[in-house]
Structures are given as structure tokens and as C-alpha cells.
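Right, one structure below, let's go through it.
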Amino acid sequence: MTQFAPLIPLCPLIGFLILGLLNKRLPKKAAGILASVTVLVSFIFSLNIFLSISGKSVVVPFLDWFSAGNLSVSFSFMLDPLSSLFLLIITGVGFLIHIYSIGYMHDDENSNIFFAYLNLFIFFMLLLVMGSSYLLMFVGWEGVGLCSYLLIGFWFKNNAYNNAAKKAFIVNRIGDLGFLLGMILIFMTFGSTNYTAVFSQAQQGYYPETSFTGNSVVTIITLLLFIGAIGKSAQIPLYTWLPDAMAGPTPVSALIHAATMVTAGIYMIARSSILYSLAPITMFVVALTGVVTALFAASIALAQNDIKKVLAYSTVSQLGYMFLGLGVGAFSSSVFHVLTHAFFKALLFLGAGSVIHGLSGEQDIRNMGGLRKKMPVTAITFLLASLAIAGIPPFAGFFSKDEILSAAYNYNKFFWLLGLIGSSMTAFYMFRLYFLVFHGEYRGKPDLHAHESPKVMTIPLIILAVLSTIGGFIGIPESLGGKSLIAGFLNPVFAYAQHNLLEMPSGSISELMLMAITVVVVIASIVYARNKYVVHKDLPVAEGLKMARIPTIIYHKYYVDEIYDILITKPLDRISEFLERVFDLKIIDGMVGAAGKLIQWVGGKLRLLQTGNVDFYLFAMVIGIVLMLFFKMR
Amino acid sequence: MITLLLILIPLFSSLLILSVPARFAKIFAFAASFISFAVTLAVFISFPVSADYQYLIDYNWIPSLGIHFKVGIDGISILMVLLTTFLTPLIILSARNEDNHTPVFYALILFMEMALTGVFVSLDGFLFYIFWELALIPIYFICLLWGGVNRVNITIKFFIYTLTGSLFMLVALIILYLHTPNHTFDINDLYHAGRSLDSRMQGILFLFFILAFGIKMPIFPLHTWQPDTYTTAPAQGSMLLSGIMLKMGIYGAIRWLLPMLPEAVHEYSVYVMWFAIAGVVYASVIAITRSDMKRLIAYSSIAHVGLIAAGIFAFNIQGLQGGIVQMLSHGVNVCGLFFVADIIQNRTKTREIPLLGGIRSKAPMLATAFLIIMLGAVALPLTDGFVGEFLLINGVFHFSPYMAALGGLTIILGAVYMFRAYQRTALGETSQATDHFTDLTLTEKAVLIPLVIMVLFIGIFPQVFLNISEPAVVKLLSGY
Amino acid sequence: MMQKYLFIILGVFAVLSALMVVFEKNPVHSVLYLVLAFFSVAGEFVLLNAQFIAIVNIIVYAGAIMVLFLFVIMLLNLNKETEPHKALWMKFGAVVTGGLLFLVMVSSLKVADSMEVQSLHSGIGTIQQLGKVLFTQFLLPFEVSAVLFLAAMVGAVMLSKKDIK
Amino acid sequence: MDAIIKGVPLNWYIILSAVLFCIGVMGVLFRRNAIIIFMCIEIMLTAVNLLTVAFSVYHNDSGGQVFVFFTMAVAAAEVAVGLSILVVMYRNTRSTDIDVLNRLRG
Amino acid sequence: MNTLIILSALGIITLFAEIFRFRKALFPLILLGLAGAFVATSFEYCDHPQSIFNMMIFDKYAVVFSCSLILICFLWFMMARNYFLQETSVTDHFALILFALAGAVVMVSYSNLVMLFLGIEILSVSVYVLAASDKASVLSNEAGFKYFLMGSFASGFLLFGITLIYGATGSFDLGTIEQFVASNPSSGLVTVGVLLMLTGLAFKSSLAPFHFWAPDVYDGAPTTVTAFMATVVKTAAFGAFFRLFSTSFAGVSGQWTTVLWWFAVLTMFAGNLSALRQFSVKRMLAYSSIAHAGYIAIAIVSVSTNGTSAQAILYYTLTYSIATITAFTVLYIVERNTGRNDFGAFEGMAKNNPFLALVTTVAMLSLAGIPPTAGFFGKYYIFLTALNSHNASLVVIAVVAALIGVYYYFRVIISMYFKPEKSDIPASIGSLHQIVLFITTLLTLLLGIFPDWVLRWI
């Protein structure tokens, strides 16, 4: 089956090419169907591979790309449990979102392009996870960044959206530089960027071409790669693009900025688990970044009023959990969380999209309320997803998040505590959102008749809702009597790394304790939210009214964007102006110009020496002779 | 013989064109340059994977001085010639009828093509210098006669600036010549002569050469002629200058400097690289706030070339190969960008980015082409810029990781200014200037589509080019 | 010894009259002093046993050239009143410069003291000897100088004649 | 050679002619009247002639004296031309002052 | 020798033309005569030259320089005919030019200082007169007068130098001097003699600080005469200069190379810098010719250690002269039609008469030393020569000076391609001018590409 692997990314690429080249000549319906079908085909292939892979790791060569000296890169694909799982997520969720988009985008004039972009995105994302080397991963990595840019700025007439798109791309690029340098250092250390070569050498502690010594080079490599991951997966300090990225159409948010692209960072670290396991310092940095981000983003989400913004910060926060998992060495738990998060976060976004669609573009939760009755399917699926993300057993999120938290507990109890606070916040803001949107009275424009979305949109919702509900069962931990299928499935990939890290003391009693604590805290948060927003009908303060200090800061997202603006963007502009106006034009070019002027000036003066008086000429001549003889006189 | 043909076709057509009626001049010029391209392509396709010079011609030109008309093509030259002959027809095609181009204009372009080809195939130091200088004259006149405001001062500055460098190069070449045992300018003899010098002398010659090449490229801080000149030059002039001519500097360094003065390169290239890398950051930062499109592209070009310079002076295989492939892609990209700027200027009568906007809704094809070329410029993988930039950073990294990190900033800053420019021109609502923007005409398509295809082709199949140049680069590195 | 005294006397005469040429305000007087200088130099020639040159010097220089000068001075009606004068500092400068030239020249000409000019008993200055040399060894320059005279003649005529318009 | 009939040292001639030559140079610099300047140039030439003859005798070579002929001939030709130029100039400027001649400059 | 006879005879015949009234036939006759002289000269080209009375020697150097001079003069006649047709004393002018040419030939082929002196004087006396030949023009008078006054003053120094050399060596013969000098390099007489002769010749070839006459004289003299001075006179002066210093005084090169080194540097900068801010193209060309003298002096500085200086000087003077003829022909045409010779007068030329603009461009490129023109190769060869004798610093200075030079040559080009409202430049020019411009431009380009055509003869 693996020989068909190249077809998996190629299908969406073909779809993209057809859509891109034909563009408006293709009927809208056909475009949507074509785009979906290509992804479906990929999904089928992926499923096939997923089922047949069973712990193997296969490299499928496809095409040579380039080589220079001992550096040689080819388009070859690596199929192993990790990549096949991601393939499944990408194509599966991707397919559902394609279908959903047919409905969501049906009245947009450029929908064909939209589908082309989506297909292109799927292509790059598949390349990212299938690539058998870091360089190919980087290709996909950058490619998804581009698609993200294109899709965020899909409504290109709106400059705010364009700014968001640009910001996403540029911030991503900051991370990409780290990735690039890390990749080069990998090449310099191991003489290759192919996973197999790199990992086998790393395992043997064999660093043939390095100028650094042993472990420190791995630390540097992993840190550099982690910078890449920070950018792509929206961690502190590069997370700011993701909330803004919500400018794009909602399916995009669901697909790219929740389910797939942003998890690329997780994938990368999971993929490099062997390297990371050799670099404890990096692991700590990862964990720390993850937990801080989780908490930080969750706190921002508490006070947001834009339905998609809440979800966006929630995504950032959840990604933080995943990094926490990675950092504490629970690689498979993180990947598990990626999977479940893909289900429920996609579902949340699609649900939000459905709401927005139903309310003709309204995004402010202060103008919603009581939609439960008008949009029952959306409401129910949204509730399920909220339960999943909040971590109520037995929904999907519970299992994955809990694994991470328990691993964190073993690693560092303080991290666990922070994680716990974060998850209580998660529960609170999610249900704040849910209650404000679906419960209470409708507060929006009176003439707007909210309606349930068409089937083509609701069916994906339902499917995802089912997955969000039962998806967790593949990872029931041993402490609950399960077998943790997913951990077993991924074991071949992470075995070395797990082995390499310290054996964690894990007692099932304490694990159960932790679960209980979490569940209690989460439920308490939900109850508090219900109390506040349903019983007391408390509403977020409207725009422009005075808030208490701390909520103000949170509402303004800790002013991070503004701080970046003052610290980086504005100074950069000013430096740019200064360099051109002063340094380039005045100093450097000024010196060149001054040399020219000086010569001109000297020329102007020198010609005055030509006085026209023969007297002077004769004098000059004789003095010349005198001087000449004088210097020759010895 | 074919090498000679590559020089003679443009030369003779540049003379013949003056006798062609003015209205056929463009077609004639295009045909002539296209034939050149076809010939080059044939050579390229049949080019053997070998480190030796092919199609060697050695004619004793000035016997008493040991000057030969020696031309030949190796893996590096053929790529440069290919770039030249590929871009020239497009540049000719891009000339607009309404801009009052007389046959002289096309004659100058073809003459320029001849000189550039000559630079890339010369294997005799003197011949190389002659072609090097010859390339300067047509572009001077193109800029002087068809340029924009203040062209007189700017073109003379450009001319003297570049001539300064090249005269010092001439001095260096003569010194090398005088050190050859039997007084010849043959490249191999010059190599031997250069290598046999003591390190102090090598250092002096290195300085002389670097002046010439550094000004032509240009490397910070020798670059100040460049933004003005690119801005003032007519679109075709900018395309020639940035697309092909600045490659002369890089090619010159690869062919005539690096293998020739190994000790000096070893000792001093680190300074050159620091300047180049500083230029990358410097020019990128400046590009961020430029409002004149051509000026922005000009600064972006300095940044890109800075990285190429740093890469080749790292003098390892990744750096050199990256430099070579990046030369191709930079040529394609920058030509594309200048042409886009020209189209915009032609439609809106302005190049001021703040006055533009919304072009994408009026001219989706243009916007798409612009986008793809821009992606090439910001080195997105699978576009042409990536492979080169990756290899270059790789090469620099070998030399100094910090330099690589600093040079790598280009991928961030490049994205900043390019995306900013793209957004303000192509995206958003239309402005007064762009309200009546029309999409590409047939001719414009004929120029842009090949460029766009090349952007993707080089990005996806760079090995086609890298394979050809690799033996030659290995030979250079091994210092035969 | 006699020769030396004569040399000194004639030399002093020559130098003094040359100085007078320079310092005399009336152009006509200058010419006359110049003639005197030429005579002194002719005396030196005689002292060197170069009688023919001495005669020629007097005839050509003092006779022909000086007369030409006189003619022109008369023609242009130059006299003491029309004579232009330089600023004093320029005159001073001229004297200093001339003196400096003399100093550097003489100090550069390091000639051994033992070198003396033996003029007696040598027949090289005779007309016969000179004629022989002139028409054998120096025949070509002699002929070529004809071109010089022709050119000078044509030139002088061309410049002096009034244009026929 | 007999000590009594010892001639004049060559140095004396050199110095005398150098003096005369320098007086000529000084005169050229000293005066403004073109005619006087010409005359000073003639002094320079005479000084040269004197020296040439002295050298000619010293070397016992007639060539030097023949050279003096040529010098005189050239001097004559120059004077002829020079004076005619002067006359032409005088017709236009009514002056023989060299400092009047400064229209060409810069 | 035949050359000299033919030229002198031609001059005399020219004088007769006035008397026997065949002025119409005169011009073709002169061209024919020059062509004859050229052929006659070239026949004397051989490996074992015979000395003529020990006074002149037609060795390769002399023959090639003479040919070069005759060629330039030929081109000059084609350029200048129209000018002198308007004059009453056309025959006198032509005769003087021919005599001057004869003098120039003597200057490049002498083997005795007497002949050098006579050659210089023949040339100078003729040119003094020619410079002043526009009798009605005060400027021309002034030019002629300044030239004469300073020229004869310089002749005095030259003569003094000759005498001192004679005093030291007892001979005027170059060979004898060479031998003496080689064996007595530290003679005071020789040192001062050499330096004074250097002064005299530096004056004739307008090296700073003896160059002050040149701009004024070039500027004031009639344009055609200026052209003659800038080409034939300069070539002859350098021919003579080099001949003397490369043979007789090579043995004491230590005595004079430093001095000439400074002269060269001063000349290059004085010429190039002063040319920058000129208003008149003619005066700019005058300064440019000074600057070029500086470059040629480099070759003489480098004479002692290698044999390529002669080639360098020959090539440089020839190509410089050819380009200068072009420039002056154009200048003459412009002057005649617009009555002006400033840069502004050139405006609109590219539009009205592209051919004229093209040839001027080529000439300016050649003067600036840009390939593929001959001027480039000239500079190249000079640099080569200098570097070969380890005068690298001089070359660097020359490079800087050359860069300054580019600026003012390009001013001309820019003016031509500048389009004013109205321009007096004629659309068509006389056929003779067309021919001469065509020939010079072609030569400028061809010699730039095939310098061996010239170089291999020496």
C-alpha cells in the first residue's frame, strides 16, 4: 500500500492546480465537490496506510529535489505510526471541513479560489507530516504558512484582514528562521537531514561533523527547532498572530488554526523526540513555555467577547498543554491530545462558524444568546465539544489532557498546578461562551432571523461531535483499566525517547487522585459559569464602558500587541527611515557625493590658477625648474 | 564555435537592427534574442556533466601581449549565459511601444546581451575585462536616454562608481599578468600567478578585485549608486541591471577572484562576508519603509545579493552552488518584480505604494503573478528563492553560525517588506490611481508567464541546474 | 694669466650691461646695452680663439637682430613713458627667483677645478675648420635649417601683410 | 702643458654663462614689455652660446661652434616671427604689455 | 630621408600654388603628396636602418612615428580644408603646416641633438604663426604671442641643457652621449643638462608645471590649429621626448624619473581637475590634452626597465590624436554653425544629427578610455608598462585621474543627448567631414579591437 503514498499529497495538489488554473471557469458546486473529493481520496489512502502500518517505518522515495556536495534532498515520504496518525487527522478533519465549506462559502464570489487554497493547504500539510527529512518538513511548514496567509487574507479587500494575514506570515517566519538554522545545524552535525540518518546517529551518540561537543549541539538544535515550533504553534512569545488569524473564513480557522497547522510544532517535536530526549534543558524550556502559554492564553480567553477570539485563545492554551506534555516527556499523550483537540476544536470552530453563518456574520457574543432553540444541532454539538475541551469524562479531551497533567505532575508539581488552574479557566471560558451564545435571551439585532445551517454544514458537525465524544476511548489509560491503544500504536516512534528519559514514578492511585481533582475543579468552574451567566444573567461589559483594572488588562490581552508594536514594529520603521534618510543618503552617499563635490571644488579652484597672465606662467615655470634642481642637488 | 555564435548573434543583430524600419525593430530584436536563447538552450540541454570548458575557442588576438580571444563554457558559465539569453527576449518584449523606443534602444539591449554573454564565457583576463566594460556602455545610454527624473546626475554617478571598481580590477589583472611566466592572460596562467604571490600582494589584489565586484554586486557600503540607478532607469534598464548585470560581479568573484587568490580569500573573505551580511540586514531594514516600488525592489536586491556574496565567499560547495542557483532565481525574480512595477507605473502613472491598492480585484492575473514572484523573492520552498537561500545560509553557517543567523534575518525582513508592498499595492480597496486598472495584456502575459514558470521550475527542479554546475564548482574548490 | 684678466673684465662688462638691459627703463637704452653685452660676449669668443663666431655674433646679433628690435621699438613708438612697470614685489620676486636659479644651477654643476680651457694653438675656431665641419658633418642640419627659415619667413610675411578682403 | 699659458678654468665660463643666463631669466620675469622680454631671451641664448663655444674649445671639437651657428640662426628666425606676432598683437591691443594679455584664462 | 624631402618639397610647391594660381588643385595635391610621403616612409621600414649623416636615423621607431604623424596630418587636412578656404592666405597656412610636419618628422627621427633642436624649432615657429594666424582676433593674437613667448623661453632652457650635455660628453650625437652617460652617471653637468632638457621637452609636451601655456593657446588659436597642436605637435613632442630619454639618458634614469614622476602626477591632476569646471568644450579639450600628456609621461617614467614604452607612446599618441581629430572636427562644425563652443552648443545634436553624436560619443569614450575604443587600450598599455616597471603607485594615481576625466567627457555626451527647444546643429555636414569622421571613428574602434595592427610595427 505504501507505494501509493505519494498520491496522498498529490491528490490535493492536483485539485489545487485544476482549481487554480480554471478558477472561475469551473462552476462553484463542482469546485467544492472536486476539492472535497481529492481530500477524500487522500483520506482513503491514509486510512489504508494507518491500518496497515502497524509500527513499521517505511520510507517511500519519490523524486530527487536537489543536492549540493554531501547535502542531498529528495522528495521521499516517511510512513510510520506518527505520520499516519497525522495523515488521518489532516485528511479526515480536512475532508469534513471541505464539505462544511461548501455550505459556508456558497455565496462567496471567490469560493473556487478558496477551495484551491484549501487544497493547497492540505497538500503542504501532508508534505509536512509525510516528509522523510527535516527539509521536506520545512517545505510543508513554510507552505502551510503561505496558505495560512492566503486564507486569513482571503477577503483581501479588508485591510485589517490583510494585516492579520501578513502578521501571521511574518511571525511564523521568525520561527521559521529558528527552524532553518536548527535544520542546518542538524545537517552540519549529522551530515544529513533525513530522519532515519539523523536519529540513528543521535541514538548512537555519533556526531561526525560537529564542531560542538556532544550534547550541547543537540541542545542548540532542539532549541532552534523549538523556536520554529513556537512560531507555528503560537506559543509565547510568538502567539499573537493566531488570535488575529481569525480574520479568515471560519472553516479556515477550524482547519488551519485549530486542527492541523498549529499542531505542526507538536508534530515536529514529537518527530524529533529522540533528539529532544537527549536535551533535558530543552525539554524543560518546552514544558515551561507550554504551561505558561496554557495559563496565559486561557486567562486572556476569559474576557474575550468575539466568539472566534475566545476559541483562538483557547487553541493557544490547548497547544500550550500539548507542549507541556512534550516537555515532560509524554509524547504520545501530546499526540493524543492533538488528535482529540482536532476533533473538538474543529467542531467548536465549525459550530461558531455555523452561528456566525446563521447570524449573517455576527461574531460578538454580547449580541447573541438564546440560539439553542434556533440552532439546535449547532448548540448540541457545541455543548459536546465544550465538554470535551473542558475535560469532563468520558469526552475525548478528558483522557488526553489528563494524561498530560499526570505526566506533568510527575515531572514537576508546580507545572501540574498551573495546568490545573489553566484547565479550570478553560472550563470557565468555554461555558461562559456556550451560555452566552446559546442560553438566555437573544440580544442581537432584532431583524435578524437566526437559522440553522444547511445539512452540508451540520453533518460535519455531527460527525465531529461523535468523534469528540468517543474519540478519547482509544487512549483510556491503564489506571482506568484501559489499554491506551494510542500509546501502544505510537510506541515504536517514542520508545527510544521514553526509554532515554527518566523512568517516571507512576502510581495509579495518585493518577486517579489527580483525575478526580481535575474533574472536580472543572465542574466547579462550569457551575460558576452557569451561575454567573445563566442564573444571574451577567453580561460582559459593552464596549467603551469602564471595567475594573485587571479585567481591563485581560480584555486588552495584556497589551502584548501594543508592547510589540512599541518595542519592535515602530522602532523598526523608524530605524528603517533613519537608515535610509540619514545613513544611506547622508552618510554613505553623502561621502560619495562629498568626494565628487570636493573634486569639483578643487577643479574650480585649480582653474583659477590659470590666471591668463604670462607673468605667472613664467614664474611657475622657473620656480618649477628651481625646485626640480633644488631637490636634485645632492 | 557555438560560443562565438552566442556572442556574435546579439552583436550582429544589434548592428543590423539599425537598418531595420523602426516599427519592426522590436520584433527583430526579440527574434534575434530568442534565437540566442534557443541556441543556449540547445547547448544547455546537450551540456555534458563535466568540469572542463566546452566549446573552447582560442584565437590569438593580440599576440605581442599574450592576449587571446579565449572563450569557453563550463557548468557555471552556461547557467549565466542561459539566464542572460532567457531574460533578454523577455526584457525586449517588455518594452512598451508608447515609451518611444527607437531601434537604438533595442540595439543597445542586444549589445548589452553580447557583452554580458562575453563576460560569462571569457577565459582570458583581458577579454573578460573588455566585455565587463562593454556591458557598461549600453546600459549607461539606456538609462541616460530613457531614464526618469534626474537621470543625468544619477547615471554619471553610476558610471563613475562602477568604473572606479573596474579600473582597479584592471590594475589587478595587469599585475597578475606580469606575474605569469610567459606573460599571458589565460585564466589558468593567471590562477597560477595569483597563487604564487605572497600573501601581502594577494591581499592588495584582493582589495582591487573586491572593489570591482563589490561595486557591481553591490555589497554594502558600496551600494549607494544602486537604488538611485534602479529607480531612475527605465524598466528595461532596471531589469537588465538587476537581472543580469549584477550577476557579473558575483560571477566575476567566483571565476576570477576566489580561485585566484586563495591566501587572501582565506584571510580577508571574512570581512567581505561581514559587510555582505551587514548589507543584508541593512538593506532589508531600509526596504521596509520604502514607498517607491522600484526603490524597494532595489534595496531588496541589495539584501539578496548580500547573502549571495556571503555565501560564495564562504567558499564551500553549498555556498557556491547556492550562490549560483540563487543568481538564476534572483535574476528571474527581480526582473519579474521590476516588470510588475513597470506595469503598475504604466497603468497608474505612479510607483508610490501608498497611492496604490486593490489591484488584485481589478487585475487578478497580475496580482497572482506578482504574488508568485514575490514568494520566490521571499524564498518560499518550492519557489526558486528557497533552494538558493537555503544552500547559501548553509554555506555561511559552515563559516560562522552567527553570520548565518544574521543573514537568515533576510527571510523575516524579506517577508516584512515584500508582503507589506504586496498588501498595499495588490490588496485592499482600490484607490483613485488603481480604479481603472486593467489586467495584463497579451504581451505582458508573454513576459510574466515565462518568469512565473521559471520561478516554480527552479524551485521544484533546481537539480537540473545544480547538476550542471556541480563539477565546475568542485573543480574550483579543489583548486586544480 | 693675461687671459684670465681679460676674461674677468669682459665678463664683468657683459654682466653689467645685461643687468642694465633688464633694469633700464627706456627700451631704446635697453637695446643699446644689449648690443654692448653682445660685444663683450664677442670679446669672450675671441678669447676662446673662436674669431669667426665672434664676428658672426656681432654681425648677426648686434647688427641684424638688434636693428630689428630697434625698428620695432621705433615702429611701435615705445619709450620710457609708455613703459609698463611691474609691482615692486613682483620685481623683487623676479630677482630672488633668478638668484635662486643661479644658486641651484651652479651648485648642481659640480665641475672639477682641474678642468681648464686650452684655447691657444687650437685651430678649431677658424673659418676653414668650421666650414669643413659645417658642410660635411653638419650638412643635414644646415639644409634643414633652410626649412626653418622658410617657415619663419612665410610666417612673418603672412602675419605682417594686410588681409585683402 | 706649460704652466704660464694656462687658460681660464672651465668653471669660470660655466659660472659666467650661468650668471648671464640667470640674468636673462630674471629679466624675463622682471619686465612687462614684450620687446624687453624678447631681448632678455636673447641674453639667455647668448649665454648658452658662450658656454657652447667654451665647451667646444675645451673638447677641441668644432661641432660646438657649428652648433652656435644654428642657435643664432634659430634665434634670428624666432625673433623675426616673434616680432611679427608682436606687431600683429600691437595692432589689436595698442600695447606691448604682456599683462594686457589675459583674456584667455580659467 | 625621402619623407623629409617630400614634405619640404610639398611645402614649397604649396607656396608656388599662390604664384602659379593652381590653388584649386592644391588640396588634392597635398593629400596625394602626404599619401606619397606615407608610402615613401613605410618603404624605409626595415630591421637595419641606415644612419643619415649621423644626424637622423630612420629606424623602426622613426618610421612608425613618421607614418603616424603623416596619417594624422592627412586626416587633419581633410578636416581643416574648409576653414582655410575662407582665408586669403590658404597657401601660407598649408605650407606652414607642411613645414611643421617636416619638423615633426625630424623630431621623431633625430640622432643628434642639433637635429632635435632644429626639429623643435621648425615645428614651433610654424605653430607660433599658425596660432596667431587669425589676425583679426585678439584671442588668436594672444594665443600666438603667449605660445611664442613661453616657447622661446623654454627653448632657452632646452638649449642650455643641450650645451651642458655637450660640455660633459663633447658630442651632440645620441650614441656617444649614451655611452658617456652610461659610464659617468654621476656627472653634475649631465644631471643638470638632463633636467634642463627635460624641462624644455616637458614644456613642449605640456607637462605640469610647464603646461600653463597650453589651455590659453589651445583656446585662443583657431580651432583647426588647436587640433593640429593637440595631435601632431603633441605626438612629435612625445616622440622626441621618448627618443632622447629612452636612449641617451636611460643610463641616468635615476636622475630624472623621480622628477618626471612628479610631473606626470601633477599633469594628470592639473589637466583633469581643471577640465572639470570648464564652460567651453574647446578649453576642456585643451585641459584634456594636458591630462593625456600626463598619462603618456607615465610611459616615459617607466622607460628604463622595459621595452614596451615605445609601443605604449606610439599607440597612445596615435589613438589619442585620432579621437582628438574627431572631437575637433565636431567642435569645428558646431562652432561654425552655432558660433559657440560651450557645452550648451552641443545640445540637440543627437536629435538633429545622430551620426555626429555617435562619432562624438565614440571619440569621448576613447578619450575617457572606455573599451572597446582605442583610448582604452592606450591607457591599458600605459598601465601595463608602468606596472611592469613597478610604478604601481603611479598607476593607481592615474586610475583616479582617469575617473575624474570620465566626468567631463561624459558631460559632452550628456549635452548631446539633451534635447533643447531648438538647436543650430545642422542635419547634414560636408562630405569631407563625413569621411574624416567616419575614418577616425572606424579607426578608433578598430584599433581598440586590434591594437596589434599598430603595436607590432615597433
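Naming: A, B, ... by sequence-line order, numbering from 1 per chain. Note that the structure is a prediction, hence the values are computed from the model and not measured.
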Q | OG1-CD distance between B:Thr289 and A:Glu580, expressed to the nearest 0.5 angstrom | A | 7.0 Å
Q) Less than 4.5 Å apart, any side-chain heavy atom of B:Ile286 and any of A:Ile575? A) no
Q) If every non-hydrogen atom of B:Ser361 is compared with every non-hydrogen atom of A:Lys157, which pair is closest and at what distance? A) CB-CE, 3.5 Å
Q: Kindly indicate whether the side chain of B:Phe397, heavy atoms from C-beta on, has any atom under 4.5 Å from the side chain of A:Phe187.
A: no
Q.
Nearest 0.5 Å, please: how far is CZ in B:Arg360 from CZ in A:Phe156?
A. 4.5 Å
Q. Is there a side-chain contact between A:Leu71 and B:Ile317 (heavy atoms, below 4.5 Å)?
A. no
Q. What's the verdict on ring-ring contact (aromatic ring centres under 6.0 Å, His included) for A:Phe583 and B:Tyr282, showing C-alpha distance, side-chain angles and the deciding distance?
A. CA-CA 10 Å; A:Phe583 202 75; B:Tyr282 176 84; 5.6 Å; yes
Q. Going through the distances and angles, do B:Phe461 and A:Trp65 end up as a side-chain contact (heavy atoms from CB on, under 4.5 Å)?
A. CA-CA 6 Å; B:Phe461 304 105; A:Trp65 190 15; over 6 Å; no
Q | B:Ile288/A:Glu577 under side-chain contact (heavy atoms from CB on, under 4.5 Å): CA gap, chis, key distance, verdict | A | CA-CA 9 Å; B:Ile288 292 173; A:Glu577 284 290 336; over 6 Å; no
Q: Taking the side chain as every heavy atom from C-beta outward, state whether B:Leu382 and A:Phe124 have any pair of such atoms under 4.5 Å apart.
A: yes
Q. Tell me, side chain or backbone of A:Met183 under 4.5 Å from chain B's heavy atoms, or both, or neither?
A. side chain
Q) Which bit of B:Phe465 is near chain A, if near means a heavy-atom gap under 4.5 Å: side chain, backbone, both or neither? A) neither
Q: Check step by step if side-chain contact (heavy atoms from CB on, under 4.5 Å) holds for B:Gln321 and A:Phe66.
A: CA-CA 11 Å; B:Gln321 285 281 66; A:Phe66 66 90; over 6 Å; no
Q) Hey, what do you get for CG (A:Asp584) to NE2 (B:His223), rounding to the nearest 0.5 Å? A) 3.5 Å
Q. Which bit of B:Leu409 is near chain A, if near means a heavy-atom gap under 4.5 Å: side chain, backbone, both or neither?
A. both
Q) So A:Tyr149 and B:Phe419, would you call those rings parallel, tilted or perpendicular, with 30° and 60° as cut-offs? A) perpendicular
Q) What part of A:Leu224 lies closer than 4.5 angstrom to a heavy atom of chain B: side chain, backbone, both or neither? A) neither
Q. Would you say B:Phe275 has more than 12 foreign heavy atoms packed within less than 6.0 Å of its CZ?
A. no
Q. Under a 4.5 Å cut-off applied to non-hydrogen side-chain atoms, are B:Lys157 and A:Asp589 in contact?
A. yes
Q) With side chains defined as the heavy atoms from C-beta onward, is the minimum distance between A:Ile588 and B:Phe220 less than 4.5 Å? A) yes
Q) Between CG of B:Asn394 and CE of A:Met188, what distance do you get to the nearest 0.5 Å? A) 7.5 Å
(Q) Looking at A:Arg173 and B:Val378, would you say the former's side chain and the latter's main chain have a donor-acceptor pair under 3.5 Å? (A) yes
Q.
Let's go through A:Asn159 and B:Arg424 carefully: what are the C-alpha distance in whole Å and the side-chain angles of both, what is the deciding distance for side-chain contact (heavy atoms from CB on, under 4.5 Å) to 0.1 Å, and is it a yes or a no?
A. CA-CA 9 Å; A:Asn159 258 330; B:Arg424 294 204 188 153; over 6 Å; no
Q | Interface residues of residues 134-142 of chain A facing chain B - non-hydrogen atoms under 4.5 Å apart | A | A:Leu135, A:Phe138, A:Val139, A:Glu142
**Q.** Part of B:Asp228 within contact of chain A (heavy atom distance under 4.5 Å)
**A.** side chain
Q.
Using every non-hydrogen atom in the two residues, find where B:Gln318 and A:Gly69 come nearest and quote the distance to one decimal.
A. NE2-CA, 4.4 Å
Q | Taking every non-hydrogen atom, the tightest pair across B:Ile411 and A:Asp176 | A | CD1-C, 4.2 Å
**Q.** Minimum-distance pair of heavy atoms, taken over all atoms of A:Leu181 and B:Ile393
**A.** CD2-CG2, 4.1 Å
Q.
Are the side chains of A:Lys166 and B:Tyr422 in contact, using a 4.5 Å heavy-atom criterion?
A. no
Q: Please examine the side chains of A:Phe169 and B:Leu380, heavy atoms only from C-beta on, and report whether any two atoms are closer than 4.5 Å.
A: yes
(Q) Heavy-atom cut-off 4.5 Å, strictly under: side chain, backbone, both or neither for B:Tyr417 against chain A? (A) neither
